[in-house]
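Notes for the one structure printed next.
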Amino acid sequence: MPTVLIIDDEQNILVTLARALQLEGYRTEVAGSGKLGLEKAESLDVDLVMLDVMLPDIDGIEVLQKLRSGERDLPVVMMSGHATVEIAVRAVQLGAADFLEKPLSSDKVLVTVANALKLRRLTAENRDLRTLAGLSSRMLGSSAAMREVWEQIDLVAPSNGRVLITGENGTGKELVARAIHDRSDRRQGPFIKLNCAAVPAELIESELFGHEKGSFTGAHQMRRGKFELADGGTLFLDEVGDMPLAMQAKLLRVLQEGELERVGSCETLRVDARVISATNQDLEAAISSDRFRRDLYYRLNVVPIHLPPLRERKEDLPELAEFFLHLACQQNKRREKSFAPGAIEALAEHDYPGNVRELKNSVERLAIMVPDEVVGPADVRRVLHWGQAAPDRDSSADRFYDRSRSLREMVTEAERACIQLALRDCDGHVTNAARQLQLERSHLYKKMKSLGLK
Ligand SMILES: Nc1ncnc2c1ncn2[C@@H]1O[C@H](COP(=O)(O)OP(=O)(O)OP(=O)(O)O)[C@@H](O)[C@H]1O
Ligand SMILES: [Mg+2]
């Protein structure tokens with residue numbers, strides 16, 4: 001339970017507040033002066049401070065200032081018997097979580113304390129998530145090939161030039177598109193992605209250009225298209241090689257004229273979106289077989305960036321593997337793990353047809369499935385068993401077997417690992433994972449929650 005430090009010179013308040021909080025299960029510390037309060041806040045493991053404005057030695061506002069100036073984001077609830085609006089405003093400006101007027105009602109105190117603690121927890125979680133999101137969109141690689149890609153990104157980013165990114169599946173095309181956007185003058189604008197392969201042919205036009213209400217069956221409301229949404233920013237056309245021919249003609253017009261109409265509308269809209277596209281197809285071949293328009297190709301391919309497959313830049317593998325191991329431990333809230341000598345070499349024995357994504361998934365699998373903190377070459381071969389038949393199912397229990405743990409802990413560990421793998425198999429789609437695991441969806445949700453999985 002959290003610890004609340006109460007700083008007040010009225011003995012009576014210290015006693016009643018402490019009792020009310022203790023009854024709710026909080027631990028409490030008390031201080032009868034500003035000086036003692038600051039000392040206790042410094043030396044004890046305190047989660048929240050309740051602070052009186054009027055103290056005999058130091059002014060409460062000054063104590064607040066000192067409490068808030070440290071590294072620790074300590075929530076402080078102010079209390080006062082004769083609060084003026086000015087003092088309350090000043091307290092909030094200085095970062096007080098809340099302001100309570102005396103006489104205190106214990107109900108009000110408990111709600112305020114619970115809210116302030118909850119806000120602090122959410123803020124911390126949010127910060128962690130941001131750090132994680134920042135981490136997982138980092139692009140690494142110092143091979144000659146990747147250095148060249150970086151040079152191209154830096155050159156092209158500040159311009160408005162259209163970029164066509166090519167490369168096999170999982171080579172990092174989307175990361176490159178985001179890197180260009182983030183380094184461009186449009187970085188404050190939106191980055192909008194349309195996966196041309198995932199949208200049914202008949203809906204692509206409305207996805208790109210939007211539609212007016214009632215323009216076709218099912219168009220219940222006006223909807224803006226991705227082009228409009230990307231105004232002032234970047235439109236990323238992923239898997240552009242899969243765009244139906246009819247659509248290619250319409251896209252060409254927008255690229256030529258910078259103008260479009262929503263489906264069912266005759267109003268012409270001007271949009272300023274920078275287009276970056278990506279494909280894993282050989283567009284030259286698609287042009288030869290009349291599946292892709294040559295004129296569109298020239299429009300999209302002003303600056304080409306090609307990402308070589310991982311097997312042609314294995315120098316990048318150690319750096320990527322170390323990073324993905326760190327990332328997976330963070331994401332799965334595991335203790336940090338490391339590779340033993342030889343483990344990276346074992347990872348490098350594989351050819352990675354799925355490129356960086358396959359490496360990332362493989363390392364995540366290791367992070368989840370290897371119970372030790374050090375991942376050795378044998379673990380790599382056992383867990384990833386490339387090119388071998390699937391391992392004997394019975395023997396896989398030794399991954400979880402640990403003499404120092406109870407059966408319950410080991411089963412929980414196995415359960416968590418299986419659910420994570422199923423979720424990964426289904427690209428995070430909970431309904432599909434539940435089906436695969438033969439569970440009710442709600443049951444799986446409950447389990448994920450109790451196991452601390454997102
Ligand atoms: N150079 C890199 N550094 C760090 N992570 C990378 C790198 N390249 C790719 N990744 C990671 O690998 C995964 C696949 O990357 P991305 O989605 O950008 O590939 P893609 O080329 O768009 O793949 P696809 O063709 O399948 O859409 C992502 O999780 C990405 O973060
Ligand atoms: Mg992609």
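All figures in this text were calculated on a predicted structure; none of them were measured in a lab. Each ligand, and each atom within it, is numbered from 1 in the order the structure gives.
- The closest protein non-hydrogen atom to atom 22 (O) of ligand 1 is Glu174 N, 3.2 Å.
- Below 3.5 Å of separation, one finds an N or O of Leu140 facing an N or O of ligand 1.
- For Asp238, no nitrogen or oxygen atom sits less than 3.5 Å from a nitrogen or oxygen atom of ligand 1, counting backbone and side chain alike.
- Where the criterion is an N or O separation shorter than 3.5 Å, residue side chain and backbone included, Leu175 meets it with respect to ligand 1.
- By the 3.5 Å distance cut-off applied to N or O atoms, Gly170 is counted among the residues near ligand 1.
- The protein atom (non-hydrogen) at minimum distance from atom 29 (O) of ligand 1 is Lys360 NZ, 2.8 Å.
- In this structure, the protein non-hydrogen atom closest to atom 15 (O) of ligand 1 is Gly172 CA, 3.7 Å.
- Look at Gly141 and you'll find every heavy atom at least 4.0 Å from all atoms of ligand 1.
- The atoms of ligand 1 that sit less than 4.0 Å from any heavy atom of Leu320 are 2 (C), 3 (N), 4 (C).
- Looking from atom 11 (C) of ligand 1 to the surrounding protein, the closest heavy atom is Val356 CG1, 4.0 Å.
- Among Arg178, Gln281, Lys173, Arg357, the residue whose heavy atom sits closest to atom 21 (O) of ligand 1 is Lys173.
- Using a 4.0 Å cut-off between charged side-chain N and carboxylate O, Arg311 and Glu168 make a salt bridge.
- Residue Arg138 approaches ligand 1 through these ligand atoms, each under 4.0 Å from one of its heavy atoms: 3 (N), 4 (C), 5 (N).
- Neither side chain, Thr268 nor Glu259, offers a donor N or O lying under 3.5 Å from an acceptor on the other.
- Proximity annotation for atom 5 (N) of ligand 1: of Phe323, Phe324, Phe236, Trp150, Phe324 comes nearest, heavy atoms only.
- Checked by distance only, ligand 1 and Arg313 stay at 3.5 Å or farther apart across all their nitrogen or oxygen atoms.
- Of the candidates Asp282, Leu300, Asp242, Leu245, Phe292 forms a side chain to side chain contact (heavy atoms under 4.5 Å, CB included) with just one, namely Leu300.
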